[in-house]
Amino acid sequence: MNGAVVTTLGTKVQPAVDKVFFRDQEIQPESHIYLLFNKPKNVISTSKDPRGRRTIIGIIQPHISQRVFPVGRLDRNTTGLILLTNDGELAKKLTHPSYNVRKLYHVTLDKDVPEDHLMELLKGVELEDGLAKADKIDYVTGAANNEIGIEIHMGKNRIVRRMFEHFGYQIMGLDRVAIGHLTKKNLPRGRWRELNRKEVDFLKMI
């Protein structure tokens, strides 16, 4: 590194300053990439699926040069937004509940939801793994009372589904429509786009 042989494990490299060579070839740091994907139903969020089902990585990876991984997960039947990146530091930050990254979901249920159930979800309901509560919740404007918008920052597995199932509702549709300031605007289902610098900087400031 920088003309000297490094023998100490754990030596830190500053990509913008240090030059690292291996077998006389300079190692170039991989540039970070940030993608926003609108996941269709029946697509798996993991990198590989032993059952051979379609995965997000399988859809995107053939079209980009860098390797990426999903930030968090959406279950197979949940549609909507998911981030993909090769920036491990940002991914760790965005998935940690202490950073309060908001996620907004559009939930369609098998029957109308009374207002008192919305209030209970706002106060918090006790699930098998602890208290779960909505940050904001309301009926979707212009829709029937079985369509709910819920904002939450908790990252527990299948949290939104389990919150409504607590009251005996069947989830007919669950769509993540926003992550932080990022929305599905002009992003059709099954398509993705690269975040611009302003969007990435905003995520890093959360």
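Side chains included, hydrogens not; waters and symmetry mates left out as well; all remaining heavy atoms used. The residues of the chain are indexed from 1 along the displayed sequence.
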Legend entry - Flag side-chain contact, heavy atom, 4.5 Å: R176 against L74: yes
Legend entry - Donor-acceptor under 3.5 Å (D135 side chain, H153 main chain): yes
Inset, instruction - Determine whether more than 12 heavy atoms belonging to other residues, nucleotides or ligands lie under 6.0 Å from atom CD of E115. - result: no
Inset, instruction - Check the pair D75, R161 against side-chain contact (heavy atoms from CB on, under 4.5 Å), reporting the backbone distance first and the verdict last. - result: CA-CA 10 Å; D75 64 47; R161 288 185 181 275; 2.9 Å; yes
Legend entry - Salt-bridge criterion met for R193 and E199 (N-O under 4.0 Å): yes
Legend entry - Nearest heavy atoms of M163 and A134, plus distance in Å: CE-N, 3.7 Å
Inset, instruction - For R162, look at atom CZ and say whether over 12 heavy atoms of other residues, nucleotides or ligands are found less than 6.0 Å away. - result: yes
Legend entry - Y34 vs L84 side-chain heavy atoms within contact, under 4.5 Å: no
Inset, instruction - Keeping the roles fixed (side chain from R73, backbone from S45), state whether a donor-acceptor pair exists under 3.5 Å. - result: no
Legend entry - Beyond-backbone contact of L203 with L182, side-chain heavy atoms, under 4.5 angstrom: yes
Inset, instruction - Given side-chain contact (heavy atoms from CB on, under 4.5 Å), test R189 with K41 step by step and report yes or no. - result: CA-CA 9 Å; R189 189 89 72 219; K41 197 172 182 178; over 6 Å; no
Inset, instruction - Apply side-chain contact (heavy atoms from CB on, under 4.5 Å) to H106 and E147, showing your working. - result: CA-CA 7 Å; H106 181 168; E147 296 190 42; 2.8 Å; yes
Legend entry - Donor-acceptor contact present, side-chain Q61 to main-chain Q66, <3.5 Å: yes
Inset, instruction - Look at atom CD of E126 and say whether more than 12 heavy atoms of other residues, nucleotides or ligands are closer to it than 6.0 Å. - result: yes
Inset, instruction - Please examine the side chains of I33 and N86, heavy atoms only from C-beta on, and report whether any two atoms are closer than 4.5 Å. - result: yes
Legend entry - 4.5 Å side-chain heavy-atom contact, L109 and I171: yes
Inset, instruction - Measure the shortest side-chain to side-chain distance between I148 and V113 over non-hydrogen atoms and say whether it is less than 4.5 angstrom. - result: yes
Legend entry - Side-chain touch I152/Y105, heavy atoms, less than 4.5 angstrom: yes
Legend entry - Worked verdict on T95 versus V101 for side-chain contact (heavy atoms from CB on, under 4.5 Å): CA-CA 8 Å; T95 52; V101 179; over 6 Å; no
Inset, instruction - For side-chain hydrogen bond (donor to acceptor under 3.5 Å, both in side chains), just list the numbers for D175 and T79, CA-CA rounded to whole Å, side-chain angles, deciding distance to a tenth of an Å, and then say yes or no. - result: CA-CA 5 Å; D175 188 42; T79 59; 2.7 Å; yes
Legend entry - Close aromatic pair by centroid cut-off 6.0 Å: H117 and Y169: yes
Legend entry - Residues K92, D87: salt bridge by 4.0 Å N-O rule: no
Legend entry - From CD1 (I59) to NZ (K39), nearest 0.5 Å: 8.5 Å
Inset, instruction - State, with a plain yes or no, whether a side-chain heavy atom of T78 is found less than 4.5 Å away from one of R158. - result: no
Inset, instruction - Could you walk me through whether N42 and R76 pass side-chain hydrogen bond (donor to acceptor under 3.5 Å, both in side chains), step by step? - result: CA-CA 5 Å; N42 295 321; R76 181 173 62 89; 2.7 Å; yes
